[in-house]
Structures are given as structure tokens and as C-alpha cells.
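A short worksheet on the structure shown next.
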Amino acid sequence: MSGLNPRQHAAVHYTNGPLLVLAGAGSGKTRVITQKITHLIAERGFQPRHICALTFTNKAAREMRERLSQQSKGAQTRGLTISTFHTLGLNILRRTPELADLRRGFSLLDAQDAESLIKEHLRGAPEAHAIGAAAVQQRISRWKNDLINPAHAMQLAQDDFDARMASLYADYERSLRAYNAVDFDDLILAPTRLFQTHPASLQAWQGRLRYLLVDEYQDTNNAQYALVRQLTGTDGAFTVVGDDDQSIYAWRGARPENLARLQVDYPSLKVIILEQNYRSSARILGLANALIANNRHVFEKRLWSDLEPGSLPRVLRCKDEAHEAERVASEILHLKFAENVSFGHIAVLFRGNYQARPFEKTLREHNIPYFLSGGTSFFARAEVKDAMAYVRLIANPEDDAAFLRIVNTPRREIGPTTLERLAEHSREHAISLLAGCTDPGLAAHLSARQCARLDAFAALIASHRRHSETDPVGSMRALIDTIDYSAWLRENASSQQVAERRYENVADLLEWLGKLHKGDFQHQGLADMVSHLTLMDVLDRQEEDAGGERVHLMTLHAAKGLEFPQVFLVGMEEELLPHRSSIEEDTIEEERRLAYVGITRAREALTFTLTRRRRRYGEWIVTEPSRFLDELPAKQLDWDGERSETPEHRKARGLSHLRMLKGLLNTPP
DNA sequence: GAGAGTTGAATTTTT
DNA sequence: TTCAACTCTC
């Protein structure tokens, strides 16, 4: 194997048992994984189809695939599984849906769909105002990630509120079952259940996936831990790679302690720590080490680099957020025109999405091309969701959630009252809403006109369903045409342009379906294709196309796994980084890791910025410098171009509380 | 069912 | 401050 350091080499070659690789930022972890895959195939006699690499994001999976094909020159990697946890879960369920209490063609609800479903259950409840659907959804998600079912959740309830949450969880689950649908969390949870109750199925999968590699292991939740544990069985043929210092998703159920837990569950676990960093200059790395030393650690590691010391990282103090953006913009222009740095090599990283705004404005004013990552994903767009709902309903007539979304889109004069009666009737007869539309008994509850409208809708779906059996993609094209969806978009858009863009999105979706159908999904139905599309981030690809010569604006979370020669880490203030709520909830360590992730993205140069005052909800707030700046060795920072902090600066900082008082007294209008 | 007005909430968000 | 979601009215 070429160019591996001794630790990396050991990580690649160790195959005698379970292996944990603690890979610090920039220590070449992807390289270790891809080389290990090659090694397993070329030297250890594994067939590619017996190897499975799991990632969290599609992007990471794609990258891994690319790196692998570069490295192995296309040789014998066919049949290899490189997928996200969720895609693997979907495939497990799809193979034998009946073992998971599902029927073929089941629907996959995204987080937004799940939330609307909960909203339905919450509707009319007296406490609906006190409980947000989003909060309930999060709670349910937590339960699922912790492998807790509704009954168990009920047992654990401490008070009435918990009990209410648990009962909503039970309602929600009942709906999903009735709709023949699963949510994202079920893609992990349901397979673990399936494997518990059907050992033969587990054995079959264990035989199929004989060596498992898991990336970003610190981000696994309990359900994912359980799934990996089941699949790897007792011999523990796996390599997991992770970094406890880069765990920034605990708020979402990630359990970084899963790293340490492995040592308990697999006493023979071998641990290899990768500490050589190939990314950042020595000075940048020094700051990163100094910062993260303030966190408690289960595994001690200290990154080192034999790269150049590099330039001194700087701190720019700014008046307010407009000034901050202005200064960063002029720094960027300087880099571009005085130092010939490509815009694409520059990133501006911040804590919250809303911080992007002043930067967007200022960069635009200076004609600096930028690229904002995040934003509404392709599948969150209303028109795409509508089209997806049509596909889902055609694939799965029991998907009431999809039915409700589109029964009156475009308008068919089917209002809430009609739907309520339909729902009541369907519930009584234990049939889906779509089936209810054509049920003869319905006429007793609704006028002939309403019945006719529902009937017409059902007929529309039924005819396209038949068509879809022979020509799934063509049937969808025909459907979008028949309902004259483009006319509906034109009616509802503010401008012709917007309508066209939206229609374009729908066309893109159809094109993706077409591609899938010609590709890996030739023999599969619409349901499988639409589930896969839901899991894939089509937007990701568009982002990359748009990338290139642009300054990247993104949150610290979005920056994980990326690197840039020039990094601006902005908004280094108390209550922002660390964020206010993290101070309250005492999750400072995760905030520190977030700052650590930001620092370690930088290759050559790093610039922090902070403001003295900032607007919050329209009100001016006097800010304090982030404690994380205090945790960095002052000598290793250049404060406002003065190499290190001068006595004047210290004095000025001492005065900051005075300034704050003043600020409070004469807040600008 | 659409439009106006009110209210309340504003971290992060891999799938 | 801004924006989205919800309510109320026509």
C-alpha cells in the first residue's frame, strides 16, 4: 500500500478482530477506509459483495466510492456495498417487508411528512398550543433512536406530559402502520426489530455482509449501534472510524460514548489512534489542540503536523455584524487580488444560518461570487412534495398522508368537510381514504356531487396505477400532464419565472425517476424508486455543480468533513459560540467541539472575527468575546493586526463592561 | 378558499 | 426584526 504512515498501515492491515480507529481531524481516515477495502479484497480474499461500508451522508458515500475507484483503477470493486445507514436499512426492509409488518410498496415519510402527521393527531387537542408538533416529532425520534416503543415510553413516563407524549407516539405509530409507511428513524429501528424476531433473516444478512466498515462512528445513535452489533455478530469483523472530538450531533441523538462502549462490548477490541494531521499548518493545529484540551476525554490524543508553521491566525474585532461582513469581504478581495487566492479556496463559517445574511448582502455588493450551503432541500419544495405524493399514492394506495396532500391539489373542490366525512367513513370500515372514495356506503354521508368528485379522483389514481405496472415513469409523466400541474403552478406562483422554476423541479424529479428506472431499478416499482429518491439528496449534486470558483458560506455543522485553505470563523462571541442555549443546558463541550471542527477545517490561514454589538430580534445587544478565544494562547493569535494582545488591548477589554453599561443606556433606535 | 391580520418564535438538521 | 403559521372574516 502506498504512502501510509505506520499507524494508518496498522489500521489497514489489522483484520484479526474488531478495530476502532480514532482518527483526528485531517488524519486521513477516508484513505484508511478505502485502502482497507482494497486490502480486504486483494490480500484477504474477501469478495467485494461481502464488504459493506456505512456512512451517514450520501455525500460521504459518494466520495468514498470515488476515492475507491480512483485508487483501485476500477478493478474488482463491483458488488461492494457503500451506502448510508438509512439506505442499508431501506434495503433490508425492502427485501422482506412482511417480516417487519409492512406490505410491498410501503411509503417512506420524511421528517416534514412525519411532522404534518403529528400535527393531524394534535389537531383539536386542548393542549395543542402548548406542544409543538416539531417537539413531539423530536421526542418520538429520540425514542426510536433509543429503541423504545410506545408501550415502553408509556412505562417510562414520569408525569402527565410524558404520558401524553407517549400516547401521541402510539397514535403516530398506528397511523404509520395503517398507511403502510415508515419514517426515517424506522429505517434503522425496524431492521433491528426484524433481526431480533427473525434470526434466520439476520443470519442471511450476516452471511452477506461479512466485513463492516463504519465512518464517523461518533455520530451513531443507539439504534445504529444495535444494528451494527447485530450485523457483525460475535466475531466482530469490523473497523469503525471516528473522532470523539468531532461529535457535534449529540443534540440529535448521536451517542459519542458508543466509541467507548465498544471496548466494553468487545473486550478484544483493538484501538489505533491516528494523530498525524496532514491538513493544517502547525500554528492552526496548535490552536485546535489548545482549545480541545479543555474538554474531558476518554481517549487521549494529540494531533501533530510536520507542515510549515504557517501564518499567525488572526482575530478581527468589529463594530457590528455589518462591519464584520465588510471586513471579511475586504479580506477576501485582498486574498483574491493581492495574493491570487481562488474564491473557491475560501470559506466563511458560522454558528447559525441566519448569520449568513449580512455576508450574503456584502459579498453581493462587492461582486464576490459565493455559495451558500444548506437552505431548502430539493425535496422540501412544495411542488416536489406534491409530485412525490402522487407517486407515493400510486405506489401505495394506503398512504393516506399522500392522499391528503394531493386530493385537492390541483383544486378539485374537495374541501375539509368532505374529507372529514370520508375519513370518518373510512375509519369505520377500516379502509384507506382512497378505498373509501369508491366505497358504496359513502353515499349515505355525502352529496352525490361530492361523491362524484371523490370517485373521479380515485379513478384518476386507479388508471395511472394500472399504467404504472408496465411503465412506471411514463405513467407519472402522463399523470402530471393529465392534471395539468403546470397550469396549477402558474396560477399559484407570484411570477411566470417562479412557476417555470417550480415546473422545472418537477421535471427534474421525473427525470431522476427515469434515470433510476434505466439504471439500478429496472425491475422495481415506483415505491422503491421514490423511497430511494427521498433518501438521496439531489440538491447535493446541484451544489457541487454550482461550486467551483465561489466563496463558501456555511454553518459549522455543514463544514464537517470539508477543508479550505482559507477559513474565516465568524461570530466568536458568547451566546453565539458557545450558543446561548448550550450555556443554559450546560452542553459547552459540544460547542467547543464545534469551534474545534471550525478551526481544523483550515489548511493555511485562519481568521476569527467577533463584533462588539449585534442585533438580536431587532434589539441591539452588547456582546462579549467567546470564552473559546480566551482558551487559546494569546501569543499564538494576532489581534487586529498587532501580532499579539498589547496592553492597550487588554485595557480596552477591561473597559468592555463599561461599554456594555453605556450600550444599555443609549441603545440606538 | 383566499386574503388580511395577529401571534409567537427565532441553533445546529447527515437521513 | 423577520417570517411563518394560525385565525378570522368575507
Side-chain angles (χ1 to χ4, degrees), chain A residues 54-63 83-90 108-116 119 122-123 128-130 132-135 137-138 141 144-145 182-189 215-216 218-221 223-224 246-254 321 349-355 357 373-377 379-380 408-409 411-417 491-492 531-537 539-540 554-562 571 575-585 587 590-591 593-595 597-598 614-621:
Chain A
L54 293 177
T55 64
F56 280 82
T57 64
N58 294 302
K59 202 167 159 189
R62 205 184 314 138
E63 213 171 275
S83 84
T84 64
F85 269 97
H86 293 263
T87 301
L88 176 68
L90 178 65
L108 172 60
L109 306 193
D110 67 21
Q112 216 186 342
D113 299 325
E115 200 185 310
S116 338
K119 220 174 257 173
L122 228 38
R123 193 175 296 272
H129 286 277
Q137 201 243 315
Q138 248 178 29
S141 178
K144 289 191 172 188
N145 291 163
V182 294
D183 64 20
F184 278 157
D185 298 319
D186 287 332
L187 293 181
I188 314 296
L189 178 65
D215 192 17
E216 304 279 16
Q218 75 283 351
D219 289 340
T220 50
N221 58 41
Q224 284 159 336
Q246 292 185 73
S247 157
I248 53 174
Y249 285 107
W251 55 274
R252 259 189 106 194
E321 61 243 25
L349 309 181
F350 35 77
R351 176 68 238 255
N353 272 124
Y354 67 99
Q355 281 174 267
R357 256 202 230 156
S373 59
T376 21
S377 101
F379 290 105
N408 203 31
T409 306
R411 212 169 333 153
R412 297 187 180 89
E413 300 184 290
I414 298 170
T417 324
E491 264 172 59
N492 287 76
S531 298
H532 261 264
L533 279 177
T534 307
L535 284 180
M536 276 178 27
D537 216 330
L539 192 77
D540 265 6
M554 64 179 86
T555 64
L556 289 162
H557 285 92
K560 191 166 90 160
L562 305 176
E575 311 224 316
L576 235 190
L577 184 66
H579 192 270
R580 206 162 150 214
S581 42
S582 308
I583 298 171
E584 281 161 15
E585 286 163 37
T587 49
E590 181 145 320
E591 296 290 299
R593 290 192 289 267
L594 210 41
V597 165
R614 194 176 279 277
R615 256 152 109 124
R616 195 161 63 201
Y617 316 145
E619 200 184 6
W620 286 101
I621 310 269

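Computed from heavy atoms alone, side chains included, the values below leave out hydrogens, waters and symmetry copies. Computed from a prediction, not measured in an experiment: that's the story for all the values here. All chains are named by letter (A, B, ...) in the order of the sequence lines, taking the proteins before the strands, and each is independently numbered beginning at 1.
For a distance-only test at 3.5 Å, the side chain of A/Thr555 fails to qualify as a donor-acceptor partner of the base of B/dT12. Residue side chain A/Arg357 does not reach the base of C/dT1 through any donor-acceptor N/O pair under 3.5 Å, judged by distance alone. Donor-acceptor pairing under 3.5 Å, judged by distance alone, is present between the side chain of A/Arg351 and the base of B/dT12.
Between A/Arg411 and B/dA2, a side-chain N or O to OP1/OP2 separation shorter than 4.0 Å is present. The side chain of A/Asn353 contributes no N or O atom lying less than 4.0 Å from OP1 or OP2 of B/dA10. Under 4.0 angstrom from either OP1 or OP2 of B/dT15 there lies at least one side-chain N or O belonging to A/Asn58.
The separation between A/Arg614 atom CZ and B/dA10 atom C1' is 15 Å, rounded to whole Å. If you take CZ of A/Arg616 and P of B/dA9, they are 16 Å apart, rounded to a whole angstrom. Atom-to-atom, CD of A/Gln138 to C1' of B/dT14 comes out at 15 Å; the value is rounded to the nearest Å. In this entry the distance linking CD of A/Gln355 with C1' of C/dT1 reads 16 Å, nearest Å. Counting to the nearest Å, the C1' atom of B/dT15 and the CZ atom of A/Phe85 are 12 Å from each other. B/dT15 atom P lies 15 Å from atom CD of A/Gln137, rounded to whole Å. For A/Asn221 and B/dT15, the CG to P distance is 14 Å, given to the nearest whole Å. At whole-Å resolution of the value, NE2 in A/His579 and C1' in B/dT13 are 14 Å apart.
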(request) Applying side-chain contact (heavy atoms from CB on, under 4.5 Å), run through A/His86 and A/Thr534 and close with a yes or a no. (result) CA-CA 11 Å; A/His86 293 263; A/Thr534 307; over 6 Å; no
(message) For a side-chain contact (heavy atoms from CB on, under 4.5 Å) check, start with the C-alpha distance between A/Thr55 and A/Ser83, then their side-chain angles and the critical distance, and finish with the verdict.
(response) CA-CA 6 Å; A/Thr55 64; A/Ser83 84; over 6 Å; no
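The aromatic rings of A/Phe56 and A/Phe85 sit tilted, their planes meeting at an angle between 30° and 60°. Between A/Tyr249 and A/His557, the ring planes are tilted. Angles from 30° to 60° get that label.
Nucleotides B/dT12 and C/dA5 are separated by 15 Å at their P atoms, to the nearest Å. Remark: the separation of the P atoms in C/dT2 and B/dT13 is 22 Å, to the nearest Å.
A/Leu54 has its side chain out of reach of A/Gln224: every pair of non-hydrogen atoms, C-beta onward, lies at least 4.5 Å apart.
Evaluation of A/Trp251 against the base of B/dT12 yields a stacking contact (centre distance < 5.5 Å, interplanar angle < 30°). A distance cut-off of 5.5 Å between ring centres, combined with a plane angle under 30°, leaves A/His557 outside any stacking arrangement with the base of B/dT12.
With B/dT11, B/dT15, B/dG1 as the candidates, the nucleotide lying closest to the side chain of A/Thr84 is B/dT15. Relative to the side chain of A/Tyr249, the nucleotides B/dT13, B/dT15, B/dT11 differ in distance, and B/dT13 lies closest.
Within the 4.0 angstrom heavy-atom criterion, base atoms lie near A/Asp219. If you check every strand for non-hydrogen atoms under 4.0 Å, A/Thr87 touches nothing. Heavy atoms of A/Asn408 sit under 4.0 angstrom from primed sugar atoms or phosphate atoms, though from no base atom. Within the 4.0 angstrom heavy-atom criterion, base atoms lie near A/Glu591.
Mapping A/Ile414 and A/Thr587 onto DNA chain B by nearest heavy atom places A/Ile414 at the nucleotide closer to the 5' end. Two residues, A/Ala111 and A/Leu594, neighbour DNA chain B, and the one matched to the more 5' nucleotide by heavy-atom proximity is A/Leu594.
Annotation: side-chain hydrogen bond (donor to acceptor under 3.5 Å, both in side chains) contacts of A/Glu591 (sequence neighbours excluded): A/Arg351, A/Ser582.
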